[in-house]
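Atoms within a ligand are numbered from 1 in the order they appear, just like the ligands themselves. Each residue takes its place number in the sequence, starting with 1.
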Amino acid sequence: MPEHIAIYPGSFDPPTLGHLDLMQRAAKMFHKVIVAVANNEQKQALFTVQERVEMLQEMVGELANVEVRHFQGLTVEFAVQNKAVSLLRGLRAMSDFEYELSLAINNRKLRPEVDTVCLMPSEPYLFLSSRQVKEIASLGGQISHYVTPSVEQRIRAKFNAKK
Ligand code: ADP
């Protein structure tokens with residue numbers, strides 16, 4: 001069997017324990033997983049791409065077959081350049097389904113050789129999103145159940161700097 005490489009693309013602004021849950025699952029399924037931080041200038045982000053890569057690198061430290069990169073442009077093209085045949089995405093509540101389905105079908109039209117694989121996180125992370133983590137943190141709420149201590153510190157520093 002050839003080496004099976006998966007790309008896990010996303011904004012990861014910031015990376016959460018839900019993202020980590022998915023990476024841990026994928027690390028057991030694929031020979032190699034490349035976490036790919038999208039450098040999308042249209043989306044206003046709290047963290048720079050470099051900061052997001054650093055946070056993810058800290059998080060995947062013990063997963064030997066997971067690496068972190070950033071990319072610009074079409075996700076499927078980045079996948080092909082990296083010899084990946086799977087695109088990993090997370091499915092949380094039903095609300096993710098329609099969006100992920102349309103993304104998967106459109107990506108398949110662009111590059112039929114790359115297939116999307118969706119994984120479901122553990123229950124505590126089913127309703128967790130980066131957006132909500134930022135909202136809660138900006139209002140001074142607890143986020144320690146949702147992100148690693150190091151990511152929590154960085155989020156707090158961002159919001160303190162904005163005050
Ligand atoms: P994007 O802007 O591409 O949606 P995100 O960083 O929000 O980037 O998410 C990247 C991927 O991770 C998506 O497939 C999303 O569904 C998945 N994801 C986000 N949060 C979670 C979570 N709590 N559990 C499982 N998957 C998640």
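Using a 4.0 Å heavy-atom criterion, the residues that approach ligand 1 are Tyr8, Pro9, Gly10, Ser11, Phe12, Gly18, His19, Leu22, Lys43, Arg89, Gly90, Arg92, Asp96, Glu100, Pro121, Tyr125, Leu128.
Applying the ring pair (Phe, Tyr, Trp, His ring centres under 6.0 Å) rule to Phe78 yields the partners Phe71; only residues at least two apart in sequence or on another chain are considered. Partners of Phe30 by ring pair (Phe, Tyr, Trp, His ring centres under 6.0 Å), not counting sequence neighbours, listed by chain and number: His4. Residues satisfying the salt bridge (charged side-chain N to carboxylate O under 4.0 Å, His left out) test with Glu113, not counting sequence neighbours, are Arg111.
Electrostatic pairing of Lys134 and Asp13 counts as a salt bridge here, judged by a charged N lying under 4.0 Å from a carboxylate O.
Side-chain N/O atoms of Gln142 and Ser144 include a donor and acceptor closer than 3.5 Å.
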Fill in: Stepwise side chain to side chain donor-acceptor pair (under 3.5 Å) check, Arg154 with Thr148
CA-CA 10 Å; Arg154 286 187 187 241; Thr148 63; over 6 Å; no

